[in-house]
Amino acid sequence: MNRKKTAILVVSFGTSYEETRKKTLDRMEDRVREQFPDVPVYRAWTSGIIRRKIEKRDGIHIPDVKSALALMAADGMTEVVVSPTHVINGIENDRMLEEVNACRYLFSRVSVGRPLLTTQEDNRRIVQVVAQELAPKEDEALVLMGHGTEHYANAIYAALDYQFKDMGHPNIFVGTVEAYPALESLIRSVRKRNPARVILAPFMVVAGDHAEHDLAGEGAASWKSCFEKAGFEVSCVLKGLGEYAGVQEMFLEHVQSALDELKS
């Protein structure tokens, strides 16, 4: 493999929250550069709304997937690894794959990495990482907010809720802000444990808008407000998955696997 013509494209949904971006997406990309110092690293975001917002607000231009791949081809790259920071194989990942497939003709070889949670081993690892990172006490309940989607991949959230408990963490719960398991189900499940305190944390790569407003906001519909209304003492940990060293390691392993495919 000619390293000088091989490059990595890190694809994320994006965020308009600068502080969490620096701790998550920027840090994950920096980890890739540290791990593969001889390979150029490019960036693409899939959310047009966010890309337009930060370009207007901050003057920062971040390309979409097709534009980034065209730039890589113009820069003389011949082999490309596309590495998503997506949590699941959902709608955003499907759209990314469509754009990548439309641009394959630009390169001699293209290898696409897998999202964070793709294999059963990935699921087992994330349970270990989160349980160690947030470590709720026995009389506490940790409630994780996933994004949720209409895509069939949404089933992973309920499966993870089960797996946390199956792996010895009966006080860790997983729900979604836009799908199932929904907030009402979580409150019923948590009430059965009657914890002294409920800890809320995002199960998303960045702690952005959903974390700030839907999870920890002061509005009546936020998870914090709803759990408090249900009679629980609540605290919030606004830390995106991308900040966890263990998650960064998982991401790097996925990048390495995709690079290895180029060699095969």
Side-chain angles (χ1 to χ4, degrees), residues 1-15 21 24-52 54-55 60-123 125-126 149 151-153 156 205-206 241-242 247-264:
M1 180 173 64
N2 187 341
R3 286 284 187 180
K4 293 182 179 179
K5 293 186 178 181
T6 300
I8 297 169
L9 175 62
V10 179
V11 179
S12 303
F13 179 79
T15 180
R21 187 202 74 219
T24 57
L25 304 182
D26 289 0
R27 183 57 189 142
M28 292 169 82
E29 291 172 12
D30 287 343
R31 290 291 305 273
V32 174
R33 294 185 180 94
E34 293 164 6
Q35 185 84 5
F36 310 101
D38 298 326
V39 183
V41 177
Y42 294 73
R43 162 189 279 182
W45 286 3
T46 60
S47 173
I49 293 175
I50 293 176
R51 285 187 287 104
R52 288 188 293 272
I54 66 168
E55 183 159 19
I60 299 174
H61 174 73
I62 297 176
D64 59 17
V65 174
K66 285 185 176 180
S67 298
L69 289 170
L71 174 62
M72 296 167 81
D75 286 346
M77 302 301 139
T78 58
E79 297 183 327
V80 172
V81 164
V82 179
S83 295
T85 65
H86 303 146
V87 176
I88 64 174
N89 290 273
I91 294 172
E92 290 300 319
N93 205 68
D94 283 353
R95 289 173 179 165
M96 179 200 75
L97 289 173
E98 289 177 2
E99 296 192 355
V100 170
N101 287 334
C103 296
R104 282 183 180 271
Y105 72 94
L106 295 171
F107 309 98
S108 60
R109 300 196 70 182
V110 176
S111 176
V112 181
R114 64 182 192 264
L116 183 66
L117 302 181
T118 302
T119 68
Q120 184 54 44
E121 175 61 17
D122 291 335
N123 299 345
R125 288 274 297 280
I126 201 68
T149 174
H151 194 279
Y152 60 83
I156 186 63
V205 172
V206 301
L241 292 176
V247 170
Q248 293 171 12
E249 290 299 326
M250 291 175 65
F251 175 63
L252 288 173
E253 289 171 15
H254 291 188
V255 176
Q256 182 65 68
S257 294
L259 276 168
D260 290 342
E261 286 186 12
L262 288 180
K263 301 177 184 178
S264 61

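Only this structure's heavy atoms are used, side chains among them; waters, hydrogens and symmetry mates stay out.
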Is it the case that atom CD1 in Ile49 sees more than 12 heavy atoms from other parts of the structure closer than 6.0 Å? no
Heavy atoms, side chains only, cut-off 4.5 Å: are Leu116 and Thr85 in contact? no
Considering all heavy atoms of both residues, which atom of Arg31 and which atom of Leu252 are nearest to each other, and what is their separation? NH2-CD1, 3.3 Å
Partner set under salt bridge (charged side-chain N to carboxylate O under 4.0 Å, His left out) for Arg43, not counting sequence neighbours: Asp26, Glu29
Where do Ile54 and Trp45 come nearest, in terms of heavy atoms and distance? CD1-CZ3, 3.5 Å
Do Glu92 and Arg95 meet the salt-bridge criterion of a basic N to acidic O distance under 4.0 Å? yes
Taking every non-hydrogen atom, the tightest pair across Glu261 and Ser111: OE1-OG, 3.1 Å
What closest approach, in Å, do Val65 and Glu99 show between heavy atoms, and which atom pair accounts for it? CB-OE1, 3.0 Å
Sidechain-backbone polar pair: Ser108 side chain, Thr78 backbone, donor-acceptor under 3.5 Å: yes
Would Val82 and Met96 satisfy side chain to side chain contact (heavy atoms under 4.5 Å, CB included), going step by step from the backbone distance to the final call? CA-CA 9 Å; Val82 179; Met96 179 200 75; 4.0 Å; yes
Going from CE on Met77 to CG on Leu9, what distance comes out if it is rounded to the nearest 0.5 angstrom? 12.0 Å
Heavy-atom pair with the smallest gap, counting every atom of Gly14 and Ile50: O-CD1, 3.4 Å
Taking Arg109 for its side chain and Leu262 for its backbone only, find out whether a donor-acceptor pair lies under 3.5 Å. yes
Spell out, as yes or no, whether a donor-acceptor pair under 3.5 Å connects the side chain of Arg27 to the backbone of Gly242. no
Closest non-hydrogen atoms of Tyr42 and Asp75, given as atom of the first, atom of the second and distance, are OH-OD2, 2.7 Å
How long is the straight-line distance from CZ of Arg51 back to OG1 of Thr46, given to the nearest 0.5 Å? 8.0 Å
Report the C-alpha distance between Phe13 and Val206 in whole Å, list the side-chain angles of each, state the deciding distance to 0.1 Å, and finish with yes or no for side chain to side chain contact (heavy atoms under 4.5 Å, CB included). CA-CA 10 Å; Phe13 179 79; Val206 301; over 6 Å; no
Do His254 side-chain atoms and Pro115 backbone N/O form a donor-acceptor pair below 3.5 Å? yes
How many angstroms lie between CE in Met72 and SG in Cys103, if you round to the nearest 0.5 Å? 11.0 Å
Determine, for Arg125 against Asp122, whether the closest basic-nitrogen to carboxylate-oxygen distance falls under 4.0 angstrom. no
Find out whether Val112 and Arg104 are in side-chain contact, i.e. whether some heavy atom of one side chain is under 4.5 Å from a heavy atom of the other. yes
